[in-house]
Every structure is written in structure tokens, then in C-alpha cells.
Amino acid sequence: MKALRVVPPGDGVLAALRGALAGGDAIMVSSGESSRAELPPTVEQRIALVVETSGSTGRPKRVALSADALLANAAASESALGGPGQWVLALPTHYIAGLNVLARSLAAETEPVAVEGQHFSAAGFIAAVGRMSLPDRYTSLVPAQLATLLEDPAATAALAGFSAVLVGGQATPRALLDRAAAAGIRVRRSYGSSETSGGCVYDGVPIGTTAAKVVDGEVWLGGPSLAEGYLGDPGLTAKRFVSEGGARWFRTADAGSFEGGALTVTGRRDDVLISGGVKVALAAVERVLREQPGLHDAIVVAVPDDRWGEVPVALTTSADFDGDAATGAIARELGTPARPARVLTVPTLPLLPSGKVDRLAARALALGEGRQGGTR
């Protein structure tokens, strides 16, 4: 056994992670939201890092990762991206995506450069780029950050000079990817989770020796970057980490399929509502909605309905859209039960510190007020 040490976000995380990967104390980076009293003082020797999941749809879980898993992911990423380079850290270090940037930097023996400021901004990103010293440059962003940089010409030009820009964390709208490509930005779509040491599938293709398969519509991931399991929750560990065919797999609970040899993830399997007896995948509604003019940032949640049981409701920060046309497009492509009952304009979309949508807060917001852009 060895000690589990809580580390606050900040400049000390890199050194603490270096020590953990070298066999020292295991660490958990805490944003101050976690209850430290519930943490065990020690963990098994092979554990180097504990990551608390974002809790975007429910109670957070604590994922236990070994040094071997983290370094395997870093090596696979480096190979998939074409070689070592210097990273801009634009994501919080109490989430796996930010910690991944640090682990990749340690593996490549390069110095990461952090975007400073309480909130991500184009100016902060440009300043970080100005402090870089190596020509081969990488960064990892969530879609909202990429959109922010594309709105600033100087930030867009800086980003176009990067060897690769990983974008993950949630579904990335096709229109956003097209804008980035038109600006000469080399975007690589990253898919993974804390349970896989972060992104392990780039543009639908598993990296390194990662394996991916779809079992009964659910995406399963395997390989050396898998977590040990969930800290203090052997029941959930046994449910989500399974052995089959002589290999260990993580059941992601994501729905997906292989199309042309590439993995396509369509959303959470449990992110389905039943409206009038018909199953509706919220991710599919979001995908179609974001293709409509003025709705590139739209999100969709399920709310109770006296007549249908549940109905989808969409939220967007835009006020420039034709709600009837947008919801009509969804009805034509996905069927009438998928048509949002309302499309509401809100000042901001609720986000977690990781940049992911806070689904619980969004659902509460959908029950409030906003501009209605269409009806079912």
C-alpha cells in the first residue's frame, strides 16, 4: 500500500504527477468540491492517480489509474500524433483531459505551457502560445474552447500553427469542424474517458494497442490504458470492467457502431427518453438540431410531460433561429416523437469545469423560462 495525497490545482500538479508516475505517493487533484474525509489514506501500490469523474449525469465516481496505464496512453498518443512536442494546457487538471496533457508532456520530456486566467479566453491562449519554445505544438480542447478561438483571428492563426489539436469531451458539431478545417487547423477528434486514461480513439481509430468493439450496441474499449477500477466501489468495477475472450474490457455505456472501419459514437445508451411509447435518443436530436442555422450550440434534455410522459426540450444561447423549421427538420429525419417540444434561448449553457454540459443543471433550466422557438 502507499499514501494517497490530495493536490490542489495549480503549478504543483506537474511535479506531483511526476512523482506519482515514478512510484511515489498516489495523488488526486481536488478542485475543492470533493469530500476529502471520504478518501482512504492509502491505496494499492500499483495506483498512481485517482480522478473524479465530472458527474455530468449523476454522482461522481473516483477512477483509479496505474502509472503503466497513463504512460501507455501517452505513448500511444505521441505515436498517433506523429512524434513528441510541446503542449498548451487549456483544460482543468482535476479532470483526465488536463492531466493527460501533463502526462504526455512528462513522457515527451517537454515543458507544458498553461493558459492563465480564471476563465479560458482567446487572449489567454495567445499569451500561452507566445511562451512556447518548441516548433512541434499540440493542445487539447473541448468544442466550446475551439469555438472561442475560431471567433478571434489572431487565436485562429496561432492554432493553425499547431501540429494537431485534439478536440473531445462531447460531440463536436460538424459545422465547427468544417470551420476549423477551412482555417487550416489540424483537428483530431478524441474519444475516451477517465476509465481509459483519457482519449484512446482518434478520428474513430483506436490508438496504440487500444482495442474497440461494439457489443449489443454498446462500445467496449480494451488495452493497456484501462483503469484499475473505481476506488471503494468493487460492485461498479465488476459491472463496468469485464473479461471476455482472454482480454479485459471497459463497458463505456456509450452507443456506437463501426462505419467504414471507424468507430462512431452516437451518445449515451441511457440518454434515451420514451415519448408516447417511442424511444428517442437525445444525442441524435442534438446532432440534427446543431446542423440547423443558428443552432450550432444547442443541447437537448428530457423533461416530464403530462400527455407524452417525456418530451425533448432544446436549449441554445442563440436568438437567431427559426424554431419551427428546426424542429420540423428533426421530425422529418427522426420522427415526430423526437421533435423538441420547445427550443429555448438562455443566456448561457450550464457547463462543468471540464467544459462538458452539466446535464442536470440543463434539465432544471429547461423547466424554467426562455424564448420559445417552436412547438411540437
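Scope of the values below: all heavy atoms of this structure, side chains included, with no hydrogens, waters or symmetry mates.
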Donor-acceptor under 3.5 Å (Q292 side chain, A325 main chain): no
Transitive ILVMFWY side-chain link W220 to L263, under 4.5 Å: no
L289 vs E286 side-chain heavy atoms within contact, under 4.5 Å: no
Main-chain N/O of T316 paired to D297 side chain as donor or acceptor, under 3.5 Å: no
Check ion pair E244-R251 (N to O, under 4.0 angstrom): no
Donor-acceptor under 3.5 Å (S105 side chain, V101 main chain): yes
Worked check of side chain to side chain contact (heavy atoms under 4.5 Å, CB included) between T148 and F125: CA-CA 10 Å; T148 295; F125 181 83; over 6 Å; no
Under 3.5 Å: donor-acceptor pair, side chain of T139, backbone of V165: no
Side-chain heavy atoms of L221 within contact of C200, under 4.5 Å: yes
pair L49-L21: side-chain heavy atoms closer than 4.5 Å: no
Donor-acceptor under 3.5 Å (K2 side chain, D25 main chain): no
Heavy-atom side-chain proximity of E228 to F241 below 4.5 angstrom: no
Reference residue P304; test side chain to side chain contact (heavy atoms under 4.5 Å, CB included); the match among L273, V311, L367: L367
CA sep, side-chain torsions, deciding dist, call: D203, V187, side chain to side chain contact (heavy atoms under 4.5 Å, CB included): CA-CA 9 Å; D203 296 324; V187 171; over 6 Å; no
Residue pair S257 / E259: nearest heavy atoms and the distance that separates them: OG-OE2, 3.5 Å
Closest non-hydrogen atom pair, Y202 against S190: CE2-OG, 3.7 Å
V265 side chain reached by T252 side chain, heavy atoms, under 4.5 Å: no
Within 6.0 Å of CG in D178, more than 12 heavy atoms from elsewhere: yes
Reported OG1-to-CG distance for the pair T196 and N73, which is rounded to 0.5 angstrom: 7.0 Å
Side chain to side chain contact (heavy atoms under 4.5 Å, CB included) between V129 and R137, intermediate numbers included: CA-CA 9 Å; V129 174; R137 300 174 175 184; 3.6 Å; yes
L4 CG to E44 CD distance, which is reported to the nearest 0.5 Å: 12.5 Å
Main-chain N/O of A75 paired with S79 side-chain donor or acceptor, under 3.5 Å: no
Residues H296, L176; criterion side chain to side chain contact (heavy atoms under 4.5 Å, CB included); working and verdict: CA-CA 8 Å; H296 68 276; L176 186 63; 6.0 Å; no
Cluster check I96, Y191: I/L/V/M/F/W/Y, side chain < 4.5 angstrom: no
Within one Ile-Leu-Val-Met-Phe-Trp-Tyr cluster: V13 and L71, side-chain cutoff 4.5 Å: yes
Member of E52, R62, R5 meeting the side chain to side chain contact (heavy atoms under 4.5 Å, CB included) criterion with L39: R62
Any I299 side-chain heavy atom under 4.5 Å of R290 side chain: yes
Value rounded to 0.5 Å, distance of CG in L365 from CG in L349: 8.0 Å
Single-linkage hydrophobic cluster, 4.5 Å side-chain cutoff, L226 and V242 together: no
Under 3.5 Å donor-acceptor, T156 side chain and L149 backbone: yes
Rounded distance (nearest 0.5 Å) linking atom CZ of R186 with atom CG of L166: 13.5 Å
Nearest heavy atoms of S194 and L65, plus distance in Å: O-CD2, 3.5 Å
R248 (side chain) donor-acceptor with G223 (main chain) under 3.5 angstrom: no
Donor-acceptor contact present, side-chain Q145 to main-chain V142, <3.5 Å: yes
Verify same cluster id: V205, L81 (apolar side-chain graph, 4.5 Å): no
Heavy-atom closest pair, residues V214 and G256: CG1-O, 3.3 Å
Rounded distance (nearest 0.5 Å) linking atom OG of S77 with atom OH of Y138: 8.0 Å
Side-chain (S275) to main-chain (E310) donor-acceptor, under 3.5 angstrom: yes
Check: D152 and I126 side chains under 4.5 Å, non-hydrogen atoms: yes
Carboxylate-amine/guanidinium contact R174 E291, below 4.0 Å: no
Where A180 and L146 come nearest, the two heavy atoms and their spacing: CB-CD2, 4.4 Å
Heavy-atom closest pair, residues P340 and I330: CD-CD1, 3.7 Å
Value rounded to 0.5 Å, distance of OH in Y230 from NZ in K61: 5.0 Å
Within-4.5 Å side-chain heavy-atom neighbours: W249 and V215: no
Candidate pair E111 and R131, rule salt bridge (Lys or Arg N to Asp or Glu O under 4.0 Å), full reasoning: CA-CA 10 Å; E111 189 70 22; R131 298 194 300 274; over 6 Å; no
